[in-house]
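So the structure is just underneath, and the comments pick up after that.
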2 protein chains.
Amino acid sequence: MDLQPLPAAKSLDLDDLHIIEPLCAVFRRKLKSVGQKYTPERAQILDAIIQMDDVFQADQLIERLKKSQFRVSKATAYRTIKLLADAGIIQQVLFGADQAHYQLAYGKRSSGLLVDVDTKQITPIDAPEIAAWRDRICRERGLKAEGHRFVIYARSVNVQ
Amino acid sequence: MDLQPLPAAKSLDLDDLHIIEPLCAVFRRKLKSVGQKYTPERAQILDAIIQMDDVFQADQLIERLKKSQFRVSKATAYRTIKLLADAGIIQQVLFGADQAHYQLAYGKRSSGLLVDVDTKQITPIDAPEIAAWRDRICRERGLKAEGHRFVIYARSVNVQ
DNA sequence: GTCGGTGCAAATGCTTTGCATTGAT
DNA sequence: ATCAATGCAAAGCATTTGCACCGAC
């Protein structure tokens with residue numbers, strides 16, 4: 001898989017109305033629909049992700065899991081991250097970074113991220129007009145938008 | 001370096017007016033300003049990049065260089081890619097891909113990329129309003145925009 | 001008892017780096 | 001002579017995978 005297939009958008013069609021449904025239930029349902037199991041390890045990993053501050057990296061997640069009494073191997077963490085991405089529950093964000101960054105995506109409408117290049121702090125931004133504009137661009141070209149990524153790099157005006 | 005510092009924006013302040021200047025001259029000047037040399041290898045690599053179709057990956061570039069009679073080692077290719085990025089002549093784009101993708105950036109005002117998830121074809125899109133949004137969002141938070149990345153993932157409507 | 005899941009360790013593959021050599025000023 | 005650049009091979013490092021074992025239905 002070279003470019004990210006963005007399965008998030010694929011499922012949002014159906015799932016937009018289910019935002020009240022807890023993520024673990026969503027995950028369980030998605031797994032069952034492809035004959036896979038909702039194991040304690042997978043539940044644990046999803047829990048840890050939910051408890052983390054928005055954007056996270058695989059090693060941060062693994063570190064957090066290590067601290068919990070319920071141990072999960074690195075391999076399972078990576079495998080589950082991929083499952084969650086396929087299910088549209090998380091999605092990969094950011095680039096120009098050496099590691100992949102992920103973010104909860106299911107039921108969210110975040111339009112993009114604001115990265116402070118000095119502090120490395122990452123803030124989600126919400127701008128619905130971006131999605132509308134995205135859809136128009138695609139329509140003009142006979143395409144259907146599956147999703148988008150928008151990242152702004154910025155720094156404080158008073159610094160420098 | 002974890003997150004991309006986007007040196008492009010840093011230099012665009014000064015260089016917006018020099019779009020007529022050939023890229024090799026820009027590169028030479030940037031190198032000289034930090035006591036580095038514009039070597040035949042570096043010239044060759046920049047040439048190859050200019051001849052490539054917009055977005056490229058390191059291994060595509062290396063492949064192209066291999067075919068030319070003037071051989072350049074992989075190490076030098078990677079080192080020069082980094083120099084060019086630092087100089088703001090190219091910038092890293094895309095994510096969710098296993099390899100880094102780069103694009104000529106100097107003097108360009110391309111607002112984003114449109115990725116066809118089926119064909120993997122990548123089309124630059126140009127929309128000044130994105131930069132306007134970016135600047136507004138930053139201003140509202142007391143930040144100064146250094147740059148942005150915008151990627152739309154889409155597929156043909158007639159395909160499924 | 002069949003299938004998928006897990007953990008470990010080994011492998012993979014892009015990218016970086018150490019080092020000896022070479023070239024320019 | 002000095003100082004940076006190059007090429008090669010080796011190292012790094014995030015991520016993936018092969019394989020043996022385990023547990024659920």
Side-chain angles (χ1 to χ4, degrees), chain A residues 1-4 24 27-28 30-46 48 55-66 68-87 90-102, chain B residues 1-4 24 27-28 30-46 48-49 55-66 68-87 90 92-102:
Chain A
M1 168 174 34
D2 187 23
L3 295 175
Q4 191 158 310
C24 53
F27 194 25
R28 183 164 42 218
K30 300 256 183 189
L31 286 170
K32 184 176 267 182
S33 75
V34 288
Q36 295 182 314
K37 296 165 190 167
Y38 184 67
T39 66
E41 286 84 1
R42 290 174 182 174
Q44 184 77 7
I45 289 168
L46 178 52
V55 178
F56 68 94
Q57 301 166 52
D59 66 341
Q60 294 173 347
L61 174 64
I62 290 163
E63 194 58 30
R64 189 184 194 98
L65 289 166
K66 250 192 208 130
S68 79
Q69 57 181 164
F70 192 110
R71 294 302 178 81
V72 174
S73 76
K74 200 195 299 189
T76 298
Y78 275 106
R79 285 191 273 237
T80 305
I81 284 175
K82 183 163 278 180
L83 285 175
L84 286 164
D86 288 346
I90 62 175
Q91 64 182 195
Q92 207 177 337
V93 292
L94 282 196
F95 42 176
D98 43 0
Q99 276 182 55
H101 290 61
Y102 301 88
Chain B
M1 171 172 34
D2 188 23
L3 296 173
Q4 192 156 310
C24 55
F27 194 26
R28 183 163 41 217
K30 300 256 183 191
L31 287 169
K32 184 175 270 184
S33 74
V34 288
Q36 295 182 314
K37 296 165 192 168
Y38 186 67
T39 65
E41 286 84 0
R42 291 175 182 174
Q44 184 76 7
I45 290 168
L46 178 53
I49 288 173
V55 178
F56 68 94
Q57 301 167 53
D59 65 341
Q60 294 174 346
L61 174 64
I62 290 164
E63 194 58 28
R64 189 185 194 98
L65 289 167
K66 250 192 206 128
S68 79
Q69 58 182 162
F70 192 110
R71 295 301 178 83
V72 174
S73 77
K74 199 195 300 188
T76 298
Y78 274 105
R79 285 191 272 239
T80 304
I81 284 175
K82 182 162 280 181
L83 285 174
L84 287 164
D86 288 346
I90 63 176
Q92 208 177 336
V93 292
L94 284 196
F95 44 175
D98 44 358
Q99 276 181 57
H101 291 62
Y102 302 87

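This structure is a prediction, so every number in the text was calculated from the model and none was measured. Side chains included, hydrogens not; waters and symmetry mates left out as well; all remaining heavy atoms used. So you know, we letter chains A, B, ... as the sequences are listed, proteins then strands, and number each from 1.
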Take atom OH of Y38(B) and atom C1' of dC3(D), then tell me their distance rounded to the nearest Å. 21 Å
Taking 4.0 Å as the cut-off, does a side-chain nitrogen or oxygen of S73(A) come that near to OP1 or OP2 on dC8(C)? no
Residue met sooner reading DNA chain D from 5', once G35(B) and R71(B) are mapped to nucleotides: G35(B)
Could you check how far CD1 of I62(A) sits from C1' of dC8(C), rounded to whole Å? 14 Å
Nucleotide dT22(C), atom P - distance to CD of E41(B) in whole Å: 14 Å
Distance check needed: dT15(C) C1' versus L83(B) CG, whole Å only. 15 Å
For the pair made of CZ in F27(B) and C1' in dA5(D), what is the distance, rounded to whole Å? 12 Å
Taking atom CG of L83(A) and atom NZ of K30(A), what is their separation to the nearest 0.5 Å? 12.5 Å
Nearest heavy-atom approach of S68(A) to Q44(A) is OG-NE2, 3.3 Å
Nearest 0.5 angstrom please: I45(A) CD1 to F27(A) CZ, how far? 8.0 Å
Examine distances only and state if a side-chain atom of R71(A) and a backbone atom of L65(A) form a donor-acceptor pair shorter than 3.5 Å. no
For L31(B) and dA24(C), give me the distance from atom CG to atom P, rounded to whole Å. 16 Å
Output for pair (K74(A) NZ, E63(A) CD), nearest 0.5 Å, gives 11.0 Å
Looking at CG of L61(B) and CD1 of I81(B), how far apart are the two atoms once the value is rounded to the nearest 0.5 Å? 5.0 Å
Nearest whole Å is fine: how far is dT15(C) C1' from L61(B) CG? 14 Å
Under 4.0 Å: is that the gap between some side-chain N or O of T39(B) and OP1 or OP2 of dA24(C)? no
One character per nucleotide, please: for nucleotides 10-25 of chain D, 5' to 3', B when the base has a protein heavy atom closer than 4.0 Å, S when only the sugar-phosphate does, - otherwise. ----SBBBB----B--
For atom CG of L84(B) and atom C1' of dA5(D), their distance in whole Å: 15 Å
From the set dT6(D), dT6(C), dG7(D), return the single nucleotide nearest to any side-chain atom of R42(B). dT6(D)
Pick one: which of Q60(A), Q92(A), Q57(A) meets side-chain contact (heavy atoms from CB on, under 4.5 Å) with Y102(A)? Q92(A)
